[in-house]
Every structure is written in C-alpha cells, then in structure tokens.
Amino acid sequence: MSENGAERMEAVEDCDIIQEGATVVLQKFNYMRTHVLNPKKTLLLGRDTVSMSGVVGKKYGTTFEMVSDPKNKKQFQLVEANEVIDFESLFLTGEGGQDNRDLEDTENSQKLSREQVEEMRDSGVSGKVIMEKLIENSETYQSKTKFSQAKFLKKKAKKYHHYIIFRKPTVRLLIDILYKMDPMKIMNLRIDSLSQILNMVNVQSGGRYMVYETGAQGIVVASLLERLGDAGELVHVYQTGQPQTACLNSMGLHKSPLLKTLNISHLRSLEHGKNIIFNHPKSESKDAENGAEETSDQQCDKTSEKDTDAEPEKKRIKLENGTKEPESENSKESEENDQKKPVRMNLRERSVEAFNSIKAESLDGLVIVCKQHPGNIITYLAKYIKPSRPFVIYSPYKEPLMDTYMQLKEARMAVMVMLTETWLRSHQVLPRRTHPTVLMSGGGGYLLTGIFVQN
C-alpha cells in the first residue's frame, strides 16, 4: 500500500474514534440529542446525571450501559455494554389475555408506590430490576393482550432503559433531532424535501454550487458539502452578520476547504468596485469643504485601522487583484494570526475570496432556502450561474414561490419551471398492526425548480 493510501486509512480510523471536544449524538431508546463531549463534566439526561468519563477513545456506534456510581448513587457511570437488553424480548413471553374489556384503569392495579420506585432509582438499582418489580406487582399486566403489554413496555423503557449509543452526527440524524425539537427552526424542512433539493440541483462531486440559506441552521450547506466529498466548491451566501453554522460545527465541516462564505451586502459592495477590506482615506475635496482638523473619533478610527488593517503593500495589491497569498511554511502561525484578526475582518476576506471565485467562473447550480421572499434574490444571483444549469427554491409557504414563478416566466430566465409540494406519510410496520402512524407532519414545504437559460 502506498504512503498516501496508508495516511487515508489512518485518517478514516481517526474519524471513527470519539475524541474530546467532538459533537456526538446520544441515543437513549427513542430519544436523541447532540452533545459536545467533555469527559471532565457530567450530563443531565432527563432526570439522570451521567458522567462522560470513559467515552473518549471508543468507536462511534458503541453502546454504553448506565451503571450506578458507587461513590455517588444518584450519578451514573458509562460502561461499555457487551449486550443490550430488549425489554420486549425479555418480558413479552406469555400469551397474554384475549382482550382488555374487563380491565379498569385505576391506581390500585400497581402495588408499588411512586416513592418506592424513586427510592430504588436513587439507590442505584438497574432498570432491568425495576421493570421486573413493576411487572411482578402489577395486577393487570398478565391479563392484558400482547399488544397492550408491548405498549406498556415501550412506555416504561423511556425511563428505565439504561443504555446509551454514541453515534456520529449525520445529516439524517441532525435533521430528525431538529425537526422533533421545533420544525420551524429549520423552516419545516423534512429529510424527504432535502433529498429532493439535492436531486433537483444535481449535486455531485467536483461541481461548483451556490447556496443562499438563512434560517435552516446550516443543514442544507452541510448536506451539499457531504455530497461533494473531496472535490468541488460551495459558495454559501448569507444575509445576517454571520452565517448559521450549527449543523456544520456538529459534523465538523465548518473548516472544509470546499466551503466559501459570502455576505450579500459585501457582494453588492464588491460589484460596485469597493474595497471592503481596506478603508480608503477621505478625498481632498471633502477635506477642503470641511476645512477642519480631524476629530478625535476620526483619529481613533485611523489608529484602529492601522492596528487591524496594517499589512504589507504587496499583500494589499494581491488581495485587490484577487490572487491568493502563498501558503506560509508554518500553518500553525497562520491559524493563530487568523484567530487574532477581528471576526468581521475574517468574514470580509472570505467574501473577497468567494467573490473572486464566482467572478472568474460561473457556477453549476443554485439552491435558495430562506425566510425572505425569493423573487429578487434569484434574479440577483442568477448572473453567477451558467446557462442550462438547475436551480431549486424551498419555502415553507407556497405564496412566495407562486410570485417567483410568475417573475421568472415574465423575465424569460428559466424553462421547465415547476412548483411542487412534498408530502410524506410514515407507517408503523409491525406484525398484525401495520398502519400509518397516528402523529405525522402536515407538510414538508414547497419546491420551485427549473433550469436557467439566456434570454
């Protein structure tokens, strides 16, 4: 095996290992959440306090059992589990009753009181033992039907299933977590709508794409970067002060070399030939009109400009011409210099880099996922997309997309323009009880797709 192949294998193995400071997805039964791993701190998972020590160095997908800490009975330690106990396979063994017509829902059916159960939990009794006690002291469990018994076990497993799986963050897991938490945090974007966006815009490795995303926590940008792999380019256009990078940080894609960020206000300034990195001195005509000395505020501005913007003349010429600086021999020093720079200065430099890239060569596709009306946005960004290239606009409401549809038709900017609604219905698939789920989402938003043409 070549040296490059060996290095890639080592990099892949490192990616599969849980590291300190990494974002992981914790799954306890059907409950999932993200967590930035710190082995020195504890995590409050529901009513349980769990110590995170002993997790670093294990592989993603490892299952841990919550074992009571002998020093602190109210705190759990994580021990790698050899096997996972399934409550249904363990306790659902009898035939059960024929029906539930004679059962009465009363508090007297369970002999154990709430105080006794809480005492067992506080004393560090395992979830399996608690479930055994609950079933033994239930007067109605054995007479319930098998379906009712399975429903009872599933309900109790949410509390007493003491197994946690550490999973690596993926687009599917993150969008499920965010959608269950609050669908409007990601603009009601479901996984099926996201898959259609990737399909319609024909995202593939080696392509160059532009994404205008605001209000979706960076999930669309992360999904496109994941699809691009190791080759290509993605320009993220945003409107607010800083781009949303929650999902990018969770997946570790915020430092991807394929990602370029571009503030739309910076884009307008760069199109007009303004230099957003270096502030130009005031013209002599303005000084003549004012005819006064500089104020103390102006002097403070100049001193701050010297502190933050003082760079060699050669670097200034290179940035204005759009050429890249030669990479320094010591990458750590360059990273430290970037960290010392003000945040706004870094964002401006990235905007200049992205603008030079899209100005040199047009892109292969456009994705718009935003809360604003997309009509003016698509007409403004269309000039940076090659002809005969696809575009996709997502909105949780159909009215803005209907207006944009008419706008594109009147301007003759696109062909094969279609407005579609995504609809998904999930089903429960179990023996003798397969049916659509009772609770389902009302809608997954609307998509406006088409292909750009030259008028």
Side-chain angles (χ1 to χ4, degrees), residues 15-16 18-19 21-27 31-38 60-61 165-201 203 205 207 209-230 232-264 343 346-347 350 354 365-372 392-396 422 424 441 444-445 447:
C15 292
D16 293 336
I18 303 174
Q19 299 178 358
T23 302
V24 296
V25 174
L26 304 178
Q27 181 178 357
Y31 172 75
M32 288 191 299
R33 60 164 292 181
T34 58
H35 176 67
V36 180
L37 189 61
N38 188 348
Y60 283 105
I165 304 175
F166 282 74
R167 306 179 68 176
K168 190 174 183 179
T170 60
V171 173
R172 182 66 181 249
L173 292 177
L174 293 176
I175 202 169
D176 285 344
I177 293 171
L178 292 171
Y179 197 87
K180 289 179 181 179
M181 187 185 303
D182 185 3
M184 289 313 296
K185 274 194 173 182
I186 52 174
M187 298 172 57
N188 208 24
L189 180 65
R190 282 199 316 247
I191 188 64
D192 59 310
S193 303
L194 182 59
S195 63
Q196 289 188 53
I197 291 174
L198 298 177
N199 180 47
M200 294 295 185
V201 84
V203 181
S205 180
Y209 304 94
M210 177 181 287
V211 179
Y212 182 91
E213 181 193 339
T214 56
Q217 308 298 321
I219 190 68
V220 180
V221 179
S223 60
L224 265 77
L225 279 175
E226 188 181 47
R227 182 70 65 90
L228 286 177
D230 297 330
E233 183 181 350
L234 182 64
V235 179
H236 179 198
V237 183
Y238 60 97
Q239 188 176 17
T240 54
Q242 293 186 20
Q244 293 183 344
T245 58
C247 295
L248 290 171
N249 295 336
S250 298
M251 296 182 64
L253 297 174
H254 57 288
K255 294 182 179 180
S256 173
L258 309 182
L259 178 62
K260 292 180 173 61
T261 56
L262 177 59
N263 193 316
I264 196 166
V343 177
N346 282 328
L347 294 175
R350 292 174 186 172
L366 175 63
V367 178
I368 297 177
V369 179
C370 62
K371 295 181 179 179
Q372 300 85 8
V392 178
I393 308 174
Y394 171 84
S395 176
T422 59
L424 177 71
S441 61
L447 294 174

**Q.** Intermediate values then yes/no, side-chain hydrogen bond (donor to acceptor under 3.5 Å, both in side chains), T214 and Q372
**A.** CA-CA 8 Å; T214 56; Q372 300 85 8; 3.1 Å; yes
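- Although no hydrogens or angles enter the test, the distance criterion places a donor-acceptor pair under 3.5 Å between the side chain of S205 and the main chain of L228.
- Under the 3.5 Å distance criterion, the side-chain polar atoms of N249 are matched with a main-chain donor or acceptor of T245.
- Residues Q242 and L347 have side chains in contact (heavy-atom distance under 4.5 Å, counting atoms from C-beta outward).
- Counting heavy atoms from C-beta outward, L26 and V24 have side chains that approach closer than 4.5 Å.
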Q: Could you please spell out the steps behind the side chain to side chain contact (heavy atoms under 4.5 Å, CB included) verdict for M32 and R167?
A: CA-CA 10 Å; M32 288 191 299; R167 306 179 68 176; 4.2 Å; yes
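- Taking OG1 of T34 as the start and CG of L178 as the end, the distance is 7.5 Å to the nearest 0.5 Å.
- A heavy-atom distance below 4.5 Å is not found between the side chains of K260 and L234.
- Side-chain contact between V25 and Y60 is absent, with no heavy-atom pair separated by less than 4.5 Å.
- In terms of heavy atoms, G21 sits closest to V36 at O-CG1, 3.7 Å.
- The environment of D182 atom CG is dense: over 12 non-hydrogen atoms of other residues, nucleotides or ligands sit within 6.0 angstrom.
- Using a distance-only test at 3.5 Å, with no hydrogens or angles considered, no donor-acceptor pair links the side chain of S256 to the main chain of L253.
- For the atom pair CG of L198 and OG of S223, the computed distance is 4.5 Å after rounding to the nearest 0.5 Å.
- Counting only distance, with no hydrogens or angles, the side chain of S193 and the backbone of T422 share no donor-acceptor pair below 3.5 Å.
- The main-chain N or O of V221 is found under 3.5 Å from a side-chain atom of E213 such that the two form a donor-acceptor pair.
- Counting heavy atoms from C-beta outward, L259 and H236 have side chains that approach closer than 4.5 Å.
- Of all the heavy atoms in I175 and L189, the pair that sits closest is CD1-O, 3.6 Å.
- The side-chain heavy atoms of V392 and I368, taken from C-beta on, include no pair separated by under 4.5 Å.
- In terms of heavy atoms, R190 sits closest to G444 at NH1-N, 3.2 Å.
- E226 CD to C247 SG: the interatomic distance, rounded to the nearest 0.5 Å, is 11.5 Å.
- Side-chain atoms of V211 and V369, non-hydrogen and from C-beta on, never get closer than 4.5 Å to each other.
- Atoms CG and CG, on D192 and L424 in that order, are 4.5 Å from each other to the nearest 0.5 Å.
- Distance check, rounded to the nearest 0.5 Å: OG of S195 to CZ of R227 gives 8.5 Å.
- Y238 is listed as a side-chain neighbour of N263, based on a closest heavy-atom distance under 4.5 Å.
- Between the E233 side chain and the L258 main chain, no donor and acceptor come within less than 3.5 Å of each other.
- In this structure, I177 CD1 and Q27 CD are separated by 9.0 Å, a value rounded to the nearest 0.5 Å.
- Nearest heavy-atom pair, Y209 versus V201, reported as atom, atom and distance to 0.1 Å: CE2-O, 3.8 Å.
- Looking only at distances, a side-chain donor or acceptor of Y394 sits under 3.5 Å from a matching main-chain atom of M187.
- Using a cut-off of 4.0 Å between Lys/Arg side-chain N and Asp/Glu carboxylate O, D176 and R172 are scored as salt-bridged.
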